[in-house]
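First up is the structure itself, then whatever we jot down about it.
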Amino acid sequence: MGMTNSSGQEGGFVHLPVLADRAPEELVWRRDGLYVDATFGRGGHTRRILAQLAPEGRLIAFDRDPEAIEASRAITDPRFRIIHAPFSELCDRLAELGFGDGSVSGVLMDIGVSSPQIDDAQRGFSFRFDGPLDMRMDTSTGENAAQWLARASESEITRVIDRYGEERFARRIAKAIAEERKENPITTTRHLADLVAKTVPRSRGDSQQHPATRTFQAIRIFINGELDELQKALPEAGRLLEPEGHLAVISFHSLEDRIVKQFFSDASNPGREIDPRIPLRADELPAPLFQPAKRIRPTEAECAENPRARSATLRVGVRTAAPWSSSLLPEEMRK
Ligand SMILES: C[S@@+](CC[C@H](N)C(=O)[O-])C[C@H]1O[C@@H](n2cnc3c(N)ncnc32)[C@H](O)[C@@H]1O
């Protein structure tokens with residue numbers, strides 16, 4: 001860790017936040033509130049949120065990556081503190097600090113990987129650089145990608161690459177991995193990237209993309225349990241919000257955005273699953289938990305400047321005054 005670069009970030013690797021100003025503007029609606037930045041990264045959004053808060057405002061950040069926690073030490077603002085934990089533990093971790101349901105004014109989630117994670121070959125996220133095949137966001141715990149690829153069955157590998165990579169050639173790639181590892185354990189990003197490139201037909205339509213893009217995305221999502229994390233964290237955030245509190249979520253691919261969209265849609269539409277033939281008065285329906293959410297995309301100018309912005313979608317929901325209940329939520333989010 002070392003110098004502070006021109007974007008005010010610590011360390012050798014830079015993260016240019018997507019919707020850097022827009023997301024904090026959408027989030028902060030009272031300057032004296034308690035806010036949560038569930039994905040600190042390198043603190044681009046955190047710094048902008050703090051700039052909007054009054055002296056009595058507070059910001060608690062989360063990140064599961066020890067390097068992000070290290071980078072956060074550069075922020076000495078007394079209104080700020082950080083917790084090293086996955087954001088699926090939002091409620092428990094805030095309860096430990098004395099904050100319960102309805103105590104938070106806004107939660108921001110900028111999900112996925114940060115540029116410092118992708119750009120550091122040692123983290124093993126990228127097929128562009130050779131490094132150990134790790135891919136864990138939290139390097140202090142859990143199984144890494146190489147360990148998983150060494151022990152998973154061919155059918156499990158197929159399922160992961162198919163489901164989380166939406167990769168047409170999942171079965172073929174898994175077979176190649178199972179064959180290769182008999183002779184040569186797959187422990188580096190280059191080894192996996194080259195193997196996938198050899199296996200996937202060259203003629204595939206999306207030739208702009210590296211052939212291993214989808215496989216790497218899939219293994220990363222699986223190793224970090226990314227979709228489960230999101231499914232757990234959204235209702236936790238909703239429960240923590242006070243009436244009029246804002247939940248802002250930036251996602252980077254359709255698998256994530258689908259979950260966010262469904263959550264907001266169900267939480268704001270009490271009548272959706274009720275058979276229209278059942279005669280119910282409006283006051284007999286459960287009350288909506290959120291107002292209908294807004295969808296915001298980065299501008300053309302931002303996408304030109306920051307290619308990561310191209311795939312980003314921000315959804316912002318505003319909490320109603322209805323007491324929290326999970327009965328409206330998609331089944332997998334009910335507790
Ligand atoms: C896209 S970056 C966030 C960048 C940040 N908004 C900024 O401006 O610097 C995503 C960050 O969230 C963290 N992260 C992803 N999933 C997480 C989870 N389930 N729990 C906690 N942190 C997570 C990653 O480690 C990464 O540092």
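Every number for a ligand or one of its atoms is a count from 1 in the order of the listing. What you see is a predicted model, and the numbers here were worked out from it, not measured in a lab.
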**Message:** Can you confirm if the aromatic rings of Phe264 and Phe290 lie within a centre distance of less than 6.0 Å?
**Reply:** yes

Out of all atoms in ligand 1, which are within 4.0 Å of some heavy atom of [X]? Include the element for each.
X: Asp110; value: 1 (C), 2 (S), 3 (C), 4 (C), 5 (C), 6 (N), 10 (C)
X: Gly44; value: 7 (C), 8 (O), 9 (O)
X: Gly43; value: 7 (C), 9 (O)
X: Met137; value: 14 (N), 15 (C), 16 (N), 24 (C), 25 (O)
X: Ala85; value: 21 (C)

Looking at ligand 1, does [X] have a heavy atom less than 4.0 Å from it?
X: Phe40; value: yes
X: Gln117; value: yes
X: Ser115; value: no
X: Val113; value: yes

**Item:** Chi angles and distances behind the side-chain contact (heavy atoms from CB on, under 4.5 Å) call for Phe62, Thr39
**Value:** CA-CA 6 Å; Phe62 283 69; Thr39 47; over 6 Å; no

Tell me whether [X] is salt-bridged to [Y], with the criterion being a basic N under 4.0 Å from an acidic carboxylate O.
X: Arg315; Y: Asp257; answer: yes
X: Lys182; Y: Glu179; answer: yes
X: Asp32; Y: Arg58; answer: no
X: Lys294; Y: Glu26; answer: yes

Nearest option to [atom], as decided by whichever heavy atom of [options] sits closest:
atom: atom 10 (C) of ligand 1; options: Gly41, Gly112, Ala23; value: Gly112
atom: atom 26 (C) of ligand 1; options: Leu19, Asp63, Asp65, Leu16; value: Asp63
atom: atom 19 (N) of ligand 1; options: Glu67, Glu229, Arg47, Glu89; value: Glu229

**Request:** Find out whether Gln117 and Asp120 are in side-chain contact, i.e. whether some heavy atom of one side chain is under 4.5 Å from a heavy atom of the other.
**Result:** no

**Asked** If we only count heavy atoms from C-beta on, is the Thr46 to Leu59 side-chain gap below 4.5 Å?
**Response** yes

**Prompt:** Is the side chain of Arg48 donor-acceptor paired with the backbone N or O of Gly44 at a distance under 3.5 Å, no angle test?
**Reply:** yes

Nitrogen or oxygen atoms of [X] and ligand 1 under 3.5 Å apart:
X: Arg308; result: no
X: Pro17; result: no
X: Asp37; result: no

**Complete:** Shortest non-hydrogen pair, Ala312 vs Phe252, comes out as CB-CE2, 3.7 Å

